[in-house]
Amino acid sequence: MKAVMIRDHALIWEDVPDLKLSEGDVLVEVHAAAVNRADLMQVDGDYPPPAGYPEWPGLEIAGVVKEMSETAARDSQWKIGDPVCALLGGGGYAQYAAVHHSMLMPVPSGLSMIEAAALPEAFATAYLNLFMEGGAKAGQTFLMHAGASGLASVVIPMAKAFGLRVITTVLNPEKAASISHLKADVVVDTSSENIAEVLQREAETGHPLNLAIDCLGGEQVGACLPYVAYGCRWILIATLAGDRTDVNMRTMFMKNIRLIGSTLRSKPPEIKAQILVNLVRDIWPKVESGEIRPTIYKVLPMAQANAAHALLRQGDSVGKVVLTTDC
């Protein structure tokens, strides 16, 4: 089989040994794999895969069940030939992936393999942080930074579908125009507006912030906290804008603010499995109805994984970049 190996910080589509299934595993023939920033961090040497996973990147795939271990055949609902999408700890950039049966989900009706590949990591991250960590409820005000990112292309429609008022940020007017289809209530162009000042204005007009999913971090975190609602949950999932900020601790305890660090990849398997069960139960009906759909920015063959990563590094992508095995 072939996989995308990391060689001197470059990605090479090359032959690797065939996978061996552990008990509970299913072998999936990969049709498509979506690209995530964690994959870029892995290439840079900053985010190694968990023990037991292949060394090549890839956190989410879609494909077809080709083989099953005895335990998976006995204990799961899956059958050979089933179209599935899967959440991985790594190893998705390949012709085949070995996946524990609890990490599989059905491909929602009406979706292509390319669209389905963009679901597991992004939708699981969105569900985890909106509902399990964030306790999101209809009528609340929610901030999602980096509105043109692949994750935001999922989180914003999901939040809107469940009745939240959504604020998001972008780098320039062109990015703002490119995400108009997501229907965020407030789009903040940070080239001309300050997010802390926007949150202050929102609070003064009756919409104080209840929840944030923040992939940027940096100095703006501390600047924003004085203008959030009592009991606000500010969830940090990355620090692309910097690792440090100044926080007035009196503001934290007076407003009962929860500052939460969250990563999906570090969650134990049983928690990930429950998230996927929740997704199929709560979110898949909205995906199948068209209320929530991933935004696909570009599709490239696996052999062009370097170009796919470059799109994310340059910040040019709007939505998800997906790799296919049609090389």
Side-chain angles (χ1 to χ4, degrees), residues 28 32-44 46-54 56-62 84-93 97-105 108 116-136 142-146 149-159 162 211-217 233-240 243 258-284 287 292 294-295 312 319-322:
V28 177
V35 178
N36 290 278
R37 287 204 171 269
D39 302 324
L40 277 62
M41 294 170 65
Q42 184 173 334
V43 171
D44 294 339
D46 297 330
Y47 202 17
Y53 285 93
W56 49 90
L59 302 180
E60 54 187 347
I61 61 168
V84 295
C85 51
L87 178 67
L88 311 176
Y93 290 14
V99 189
H100 192 272
H101 66 81
S102 64
M103 296 293 105
L104 297 175
M105 297 179 289
L119 301 181
E121 171 74 14
F123 274 61
T125 298
Y127 190 95
L128 166 67
N129 292 302
L130 272 175
F131 300 110
M132 298 173 72
E133 299 282 13
F142 163 62
L143 169 65
M144 178 69 213
H145 273 308
S149 67
L151 180 59
S153 74
V154 169
V155 173
I156 293 172
M158 191 179 293
F162 285 87
L211 172 63
I213 296 179
D214 186 0
C215 58
L216 301 180
R233 283 85 61 211
W234 192 287
I235 302 171
L236 279 161
I237 63 171
T239 54
L240 298 175
D243 296 338
R258 300 289 187 266
L259 189 59
I260 302 166
S262 175
T263 61
L264 176 65
R265 198 176 196 181
S266 65
K267 293 288 186 290
E270 58 271 19
I271 298 298
K272 292 181 181 178
Q274 186 58 56
I275 293 170
L276 301 192
V277 169
N278 294 350
L279 280 179
V280 174
R281 180 193 67 209
D282 299 336
I283 306 301
W284 263 216
V287 173
I292 305 172
T295 299
L312 269 68
K320 297 287 284 187
V321 176
V322 178

**Q** Please round to the nearest 0.5 Å and tell me the distance separating atom OG1 of Thr125 and atom CD1 of Ile275.
**A** 8.0 Å
**Q** Does Phe142 have any ring pair (Phe, Tyr, Trp, His ring centres under 6.0 Å) partners at least two apart in sequence or in another chain, and if so, which?
**A** none
**Q** Heavy atoms only: give me the nearest Gly90-Pro54 pair and the separation to one decimal.
**A** O-CD, 3.9 Å
**Q** State, to 0.1 Å, how close Ala118 and Pro294 come at their nearest heavy-atom pair, and which atoms those are.
**A** CB-CB, 4.0 Å
**Q** Holding to side-chain contact (heavy atoms from CB on, under 4.5 Å), I want the full list of residues that pass it with Val277, two or more places apart in sequence or in another chain.
**A** Gln274
**Q** At what distance, to the nearest 0.5 angstrom, does CG of Leu216 lie from OG1 of Thr239?
**A** 9.5 Å
**Q** Using modelled atom types and a 3.5 Å cut-off, is there a donor and acceptor pairing between side-chain atoms of Arg233 and backbone atoms of Gly134?
**A** yes
**Q** Identify the heavy atoms of Met103 and Pro269 that sit nearest to each other, and give their distance.
**A** CE-O, 3.6 Å
**Q** Using residues 33-41 as the side-chain source, report each donor-acceptor pair under 3.5 Å to any protein atom, sequence neighbours left out, with the distance given to one decimal.
**A**
residue : atom : partner : partner atom : Å
Asn36   : OD1  : Lys320  : NZ           : 2.9
Asn36   : ND2  : Glu60   : OE2          : 3.0
Arg37   : NH2  : Leu312  : O            : 2.8
Asp39   : OD1  : Gly58   : N            : 3.2
Asp39   : OD2  : Asn36   : N            : 2.9
Asp39   : OD2  : Tyr93   : OH           : 2.9

**Q** Scan residues 119-131 for pairs that pass salt bridge (Lys or Arg N to Asp or Glu O under 4.0 Å), counting only residues two or more places apart or in two chains.
**A** none
**Q** Which residues pass the side-chain contact (heavy atoms from CB on, under 4.5 Å) test with Ala97, sequence neighbours left out?
**A** Val30, Ile61, Leu88, Val99
**Q** Are side-chain heavy atoms of Ser262 and Leu128 found at a separation under 4.5 Å?
**A** yes
**Q** Roughly how far, to the nearest 0.5 Å, is CD1 of Ile235 from CG of Leu211?
**A** 5.0 Å
**Q** Kindly write out the residues that satisfy side-chain contact (heavy atoms from CB on, under 4.5 Å) with Pro108, not counting sequence neighbours, or none if the list is empty.
**A** Leu111, Leu119, Trp284, Val287, Glu288
**Q** Between Ala124 and Leu87, what is the shortest heavy-atom contact and its length?
**A** CB-CD2, 4.5 Å
**Q** When rounded to the nearest 0.5 angstrom, what distance separates CD1 in Ile271 from CG in Leu264?
**A** 11.0 Å
**Q** To the nearest 0.5 Å, what is the distance between OH (Tyr127) and CG (Asn278)?
**A** 4.0 Å
**Q** Taking only residues two or more places apart in sequence or in another chain, which ones pass side-chain hydrogen bond (donor to acceptor under 3.5 Å, both in side chains) with Gln42?
**A** Arg265
**Q** Going by the rule side-chain contact (heavy atoms from CB on, under 4.5 Å), which residues pair with Ala62 if we only count those two or more places apart in sequence or in a different chain?
**A** Cys85, Met113, Ala116, Ala117
**Q** Excluding sequence neighbours, so at least two apart, what forms side-chain hydrogen bond (donor to acceptor under 3.5 Å, both in side chains) with Asp46?
**A** none
**Q** Working to the nearest 0.5 angstrom, can you tell me the gap between Asn129 CG and Leu236 CG?
**A** 10.0 Å
**Q** What residues form a ring pair (Phe, Tyr, Trp, His ring centres under 6.0 Å) with Phe162, not counting sequence neighbours?
**A** Phe131
**Q** Test of understanding: with salt bridge (charged side-chain N to carboxylate O under 4.0 Å, His left out), list the residues that count as partners of Asp282, not counting sequence neighbours.
**A** none
